Amino acid sequence: MSSRLDESVMYLKGVGPKKAELFEKLGIKTIRDLIFHLPRQYLDLTSPVPIASAILEEPNVIEAEIVKKERPAMIRRGMTLYRLLATDGTDDMSVVIYNSQYLFDSLKIGEKYILYGKITGNLTRKEMSSPTVLKSSSADKILPIYPLTAGLTQNILRSCVKIALSLIIPGEVEFLPEDILLRAGFIPESEALKAIHFPKSREEVVPARRRLSFDELLTLRLGMSAMRERARSSTTFSMKNADISGFVSALPFRLTGAQNRAVAECSADMQKTVPMNRLILGDVGSGKTAVAAACCYIAAKNGAQAVMMAPTEILAAQHYASLKGFLEPSEIKIGLLTGSLSKKQKAAVYEEIKSGGLDVIVGTHALLQSGAEYSRLGLVITDEQHRFGVAQRAALAEKGENPHRLVMSATPIPRTLALMIYGELDISVLDELPAGRKKIETYAVTGKLRSRACAFIRKELDSGGQAYIVCPAVEEGEGEMKNVSDYAKELSAGEFKGYRLGVLHGKLPSAKKEEVMRAFKDRELDILVCTTVVEVGVDVPNASVMMVENADRFGLSQLHQLRGRVGRGERSSYCILITDNTSEESRKRLRVLSSTSDGFEISEADLELRGPGDFFGSAQHGLPPLKIADLAADRDIVKAAQDTAEIIYDTGRINLPGCAALRSRVEKLFERAGD
Ligand code: ADP
Ligand code: MG
């Protein structure tokens, strides 16, 4: 079924090849694309103010009658000035237009117009130049403001979109089955599109935005379901022997109830003939590594190899050490493969992988790309710091021999969101921390208390503890903020004179990073001054205090991850958040951290309070860019999309003819994500 909407935007009245090229820069190829080029905000001209009470030097909306048109004046070559006089009964105002004879001619004496622009002058002589002009009788008094590119103007876009919208045949763009629409309580799509571009009132935008957000989330969710389905081709690694008693008895602790549940879920998955595709969602310190180790154990006992990928070398080295501790007692052979190995060392590891001498290989991303040839890769575990893009995930899911796949989350997030973001995975939640964990006492203070905080840290150090001092990573030239190395120098010459300080940041070569971490771990350093490099997973049980500079620059979940670096040993632990941002909002955010240590609760608050660097505002979740939906603000829509996706997908209804339009939307979304 072909539609005018699928024609090139070039054929839209008033466009043509030249403008079409500009449109393409905005990602607009077809007329349909243009309709889905949504405004970022609006210019609301519905509430004019009397000229007499207009605020000078600010933009004002005026409704006035043109009473006089002066003779055009050429002020220099190619620049003509047109002046008009307008009045609204409270006062007069002069209106100045440069060069647009068209606009000047269209303004008629005796007619009323809405004029929008900055008013200059003084109380007796007011002037508005280059105003946005509308007829008083115009039906559209709320104007859309679009993302633009050079050569296009808001006016061009507005008029093109208007024409494009007029081409919609009612019902044509609607792709949701009627009953679904009714059930979810959203307005028809054609109505939503018209209202989102040219709302009659501010109120009209709300249901329009909700409907379009719902569409976006629903297609996303369905796309993930499809992806998950595709990954369900059979695996050659159905695990026969899932007895983990050997593993459990070698552990230095008892697994928590949540860990046991997660292991059981993984074990059940791995015994199936389709590959496991599971996410372990758990708070810092909930013991995700032990769950991963149990899975490695099962793989090894079934003669399959397992790899565990970490985002950084530091983490890889640490996972290597942990897995060794957990698995070597069971005679399982573990290797480490990272970029910093010498060529010779690498070759040796490759050889061991190929010959099957290694059961478990821990490493960085290089693990999958490198020359490593696995003889029987049955399990791939990724410890994710940043999300892979969906396209990458799809590629991974379709890889080679269909190994089982386990993903460990870095951030605990609310379940409804996890279902959206990790929609193609089954989820195990670790909602229980190992017993005996001490609460990390957390204080938010201003810079005035820094020296008291430092005195406190010195006391900790003197009694055998170690400390982290964290500052945000800074690009050069960010004025008032300190560079990590300079800051460390300042500290070691001042507050921490006589103590041993190490510096760790992302720009260091990895060998240097390793060395610093090792030195800190082996207690050759008292203080580690660092950026968020330490955020994920680093384990130094003797570190008992952390001070975070410019704490308001971090997201709450990120701060929670950060402070998880302390409180890992016997010592009572402390986290001091320093911020000079004394706004109520900032205080409220940081207070959350003092009041709870539950990562899920904190990520909820992060969503509500939306601080800097928050997980959901950025591209970190690896979803295709969302045009309109806001995962944080539209929680109820996320839920509705989730429920609807289940109804449509799980019943197989998605494959029926009534859902053809919906299906093609889903395909299109993921095509784009793969671009
Ligand atoms: P995360 O979920 O943050 O990755 P880890 O796997 O690094 O957590 O575990 C944190 C610490 O807790 C490690 O030192 C680990 O050995 C320990 N641990 C894990 N499970 C338990 C348990 N059931 N009881 C006691 N300690 C545990
Ligand atoms: Mg971890």
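Numbering of ligands and ligand atoms starts at 1, following listing order. Since the structure is predicted, the reported quantities are computational estimates derived from the model, not experimental observations. Throughout, residue positions are numbered sequentially from 1 according to the sequence presented.
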Check your understanding: Any side-chain heavy atom of His560 within less than 4.5 Å of one from Leu593?
Key -> yes
Check your understanding: Where on Asp283 is there a heavy atom closer than 4.0 Å to ligand 1, on the side chain, on the backbone, on both, or on neither?
Key -> backbone
Would you mind listing which atoms of ligand 1 come within a distance below 4.0 Å of any non-hydrogen atom of [X]?
{"X": "Thr289", "value": "4 (O), 5 (P), 6 (O), 7 (O)"}
{"X": "Ser286", "value": "2 (O), 8 (O)"}
{"X": "Leu255", "value": "23 (N)"}
{"X": "Arg254", "value": "22 (C), 23 (N), 24 (N)"}
{"X": "Thr256", "value": "23 (N)"}
{"X": "Val284", "value": "3 (O)"}

Review point. Is there any N or O on Gly285 that sits under 3.5 Å from an N or O of ligand 1?
Key: yes
Exercise for review: Using distance alone, decide if ligand 1 has a nitrogen or oxygen within less than 3.5 Å of any nitrogen or oxygen in Gly287.
Suggested key: yes
Review point. Are Phe326 and Tyr297 close enough that their ring centres sit under 6.0 Å apart?
Key: no
Salt bridge between [X] and [Y], side-chain N to carboxylate O under 4.0 Å?
{"X": "Arg221", "Y": "Glu646", "result": "no"}
{"X": "Asp462", "Y": "Arg458", "result": "no"}
{"X": "Glu352", "Y": "Lys333", "result": "no"}

Check your understanding: So Tyr443 and Tyr574, would you call those rings parallel, tilted or perpendicular, with 30° and 60° as cut-offs?
Key -> parallel
Practice item. Count the heavy atoms of every other residue, nucleotide or ligand shown that sit under 6.0 Å from NZ of Lys346, and state whether that count exceeds 12. Key: yes
